[in-house]
Amino acid sequence: EAKLYADLGDFRRAYYERVAFHEAVAELHSDEQEARARLIQASYDAGEKRRDAERFRELALRDALTGLHNRRFLDEALRSRISAAAERSEPISAAIADADFFKRINDELSHEVGDEVLRRLASLLATAAAVVPPEIVGRLGGEEFLVVLPDTDSTAARQRCETIRRAVATYDFAPITGHIPVTISVGVATAPGGSTSPAELLADADRNLYAAKRSGRNRVMPAPC
């Protein structure tokens, strides 16, 4: 219309029509930009909510004291690892490690010292076992830890656990516990073809753990070959 008014010689009207046109275009661009910004913000908010949900789920599956996986995660993961081992007819091993005479640390020193010992033990178990997925290390509760080793036979599992035991036995806990030594006993169980259940595998490991305790502690049972 601005061109029409210009052709008719009404330049003033043509000017205002052109101004109105550019304002309308600018407003349209502004609305488009605002809509695009809202879309981006909504997408960002949805992503944040999803990431928050993932973070909360991860926190729910971690032990607050040690940062290792907790019992809830271990129960689910052990079930899935056993199922995968059975499908492939592969061995799977599990080991329960328990701190020796831990009550003495809590009673004679303090629960704060006991908590620090548990944090150190958690770190030692994770590093000494050189755990990589799908292997798992976690805290069962109290001073008990679980190591799950898929596709690992009895000999290899006992050797791995002996490495863990030695790492704990040789670690300098003196600055934390003074004259009280810190060691672990470890019970190992293996299902050669993966045919077992979480309850059976843990029960076998638990029996071997108590055998290690009865035999004098600070050892792996069955003993490494």
Side-chain angles (χ1 to χ4, degrees), residues 63 65-66 68-71 74-75 78 81-82 91-111 113-131 135-150 152-174 176-192 194-225:
D63 174 58
L65 178 64
T66 65
L68 295 180
H69 290 299
N70 61 19
R71 181 62 185 261
L74 292 172
D75 287 342
L78 183 57
R81 301 302 192 273
I82 287 175
I92 181 168
S93 296
I96 298 177
D98 182 88
D100 297 324
F101 301 113
F102 187 72
K103 187 175 183 298
R104 182 183 175 193
I105 293 173
N106 281 335
D107 290 347
E108 295 187 20
L109 302 176
S110 70
H111 286 277
V113 171
D115 287 347
E116 181 57 27
V117 169
L118 290 176
R119 282 190 285 266
R120 299 291 179 97
L121 284 176
S123 179
L124 285 168
L125 262 69
T127 55
V131 170
E135 299 172 346
I136 311 164
V137 60
R139 185 185 179 198
L140 284 174
E143 62 269 23
E144 282 193 343
F145 299 87
L146 177 68
V147 181
V148 181
L149 303 170
T152 305
D153 63 21
S154 177
T155 300
R158 284 181 279 171
Q159 290 172 345
R160 292 277 293 277
C161 289
E162 177 62 16
T163 298
I164 297 170
R165 186 202 64 76
R166 284 199 303 267
V168 173
T170 58
Y171 184 82
D172 184 14
F173 281 95
I176 308 169
T177 61
H179 65 284
I180 300 177
V182 178
T183 60
I184 58 171
S185 297
V186 186
V188 186
T190 301
S195 181
T196 188
S197 69
E200 290 172 337
L201 193 62
L202 290 178
D204 288 344
D206 199 49
R207 278 192 292 272
N208 287 327
L209 169 63
Y210 279 96
K213 295 283 188 181
R214 288 192 301 270
S215 299
R217 295 177 168 81
N218 189 24
R219 64 194 64 215
V220 176
M221 290 294 287
C225 299

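This chain uses plain numbering: 1 for the first residue, then up along the sequence. The model shown is predicted, which means the values in this text are computed figures rather than measured ones.
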J.: When rounded to the nearest 0.5 angstrom, what distance separates CZ in F102 from CG in L118?
T.: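 Rounded to the nearest 0.5 Å, the CZ-CG separation comes to 3.5 Å.
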J.: Write down the atom of P222, the atom of N208, and the distance for their closest heavy-atom approach.
T.: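 Scanning both residues, the minimum pair turns out to be CD-ND2, 3.5 Å.
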J.: Roughly how far, to the nearest 0.5 Å, is the OG1 atom of T183 from the CZ atom of F173?
T.: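 Answer for the CZ-OG1 pair, F173 versus T183, is 9.5 Å.
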J.: What I'd like to find out is whether the side chain of V168 reaches to under 4.5 Å of the side chain of L121, using heavy atoms alone.
T.: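 Touching, per the 4.5 Å side-chain cut-off.
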J.: Would you say that P198 contacts I82 through its side chain, given a criterion of any heavy-atom pair below 4.5 Å between the two side chains?
T.: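 SC-SC contact between P198 and I82 confirmed.
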J.: Check N218 against A169 and note the closest heavy-atom contact, atom names and distance.
T.: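 Minimum heavy-atom contact is OD1-CB, 4.0 Å.
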J.: Minimum heavy-atom separation for L201 and A191, please, with both atom names.
T.: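 Nearest pair, atom of L201 first, then A191: CD1-N, 4.1 Å.
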J.: Kindly give the heavy-atom pair with the smallest separation between A126 and L68, and that separation in Å.
T.: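 Minimum heavy-atom contact is CB-CD2, 4.5 Å.
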J.: With a 4.5 Å limit on heavy-atom distance, are the side chains of E162 and R165 in contact?
T.: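 Sidechains of R165 and E162: in contact.
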J.: Find the distance between CD1 (I184) and CG (L124) and round it off to the nearest 0.5 Å.
T.: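 Spacing of CD1 (I184) from CG (L124) equals 8.5 Å.
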J.: Can you confirm whether R214 sits close enough to M221 that some side-chain heavy atom of one is under 4.5 Å from a side-chain heavy atom of the other?
T.: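 Sidechains of M221 and R214: no contact.
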J.: Does some side-chain heavy atom of V186 sit less than 4.5 Å from a side-chain heavy atom of I164?
T.: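 Counting from C-beta outward, I164 and V186 never come under 4.5 Å.
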J.: Could you measure the distance from the CG atom of L146 to the CG atom of N70? Nearest 0.5 Å is fine.
T.: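 Going from the CG atom of L146 to the CG atom of N70 covers 12.0 Å.
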J.: I need the minimum non-hydrogen distance between A189 and D204, along with the two atoms involved.
T.: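 Heavy-atom minimum between the residues: CB-CB, 3.5 Å.
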J.: Taking all heavy atoms of S93 and all of T190, pick out the closest pair and write down the distance.
T.: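 The answer is OG-OG1, 2.7 Å.
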J.: Apply side chain to side chain donor-acceptor pair (under 3.5 Å) to residues S185 and D98 and explain how you reach the verdict.
T.: CA-CA 5 Å; S185 297; D98 182 88; over 6 Å; no
J.: Give, for atom CD1 of I92 and atom OG1 of T196, the distance between the pair rounded to the nearest 0.5 Å.
T.: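 One gets 8.5 Å once the value is rounded to the nearest 0.5 Å.
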J.: Inspect the contact between D63 and R71 and indicate whether a charged nitrogen and a carboxylate oxygen are less than 4.0 angstrom apart.
T.: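 Salt bridge between R71 and D63, a charged N being under 4.0 Å from a carboxylate O: no.
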J.: Mind checking whether S154 and V188 have side chains closer than 4.5 Å, heavy atoms only?
T.: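 When only atoms from C-beta onward are counted, V188 and S154 do not touch, as no gap falls below 4.5 Å.
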J.: Rounded to the nearest 0.5 Å, what separates atom CZ in R139 from atom CD in E144?
T.: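 The distance works out to 10.5 Å.
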J.: Which pairs count as salt bridge (Lys or Arg N to Asp or Glu O under 4.0 Å) when at least one residue sits in residues 119-128, sequence neighbours excluded?
T.: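 Every salt bridge (Lys or Arg N to Asp or Glu O under 4.0 Å) pair that includes a residue of residues 119-128, provided the two are not neighbours, is E116-R119, E116-R120.
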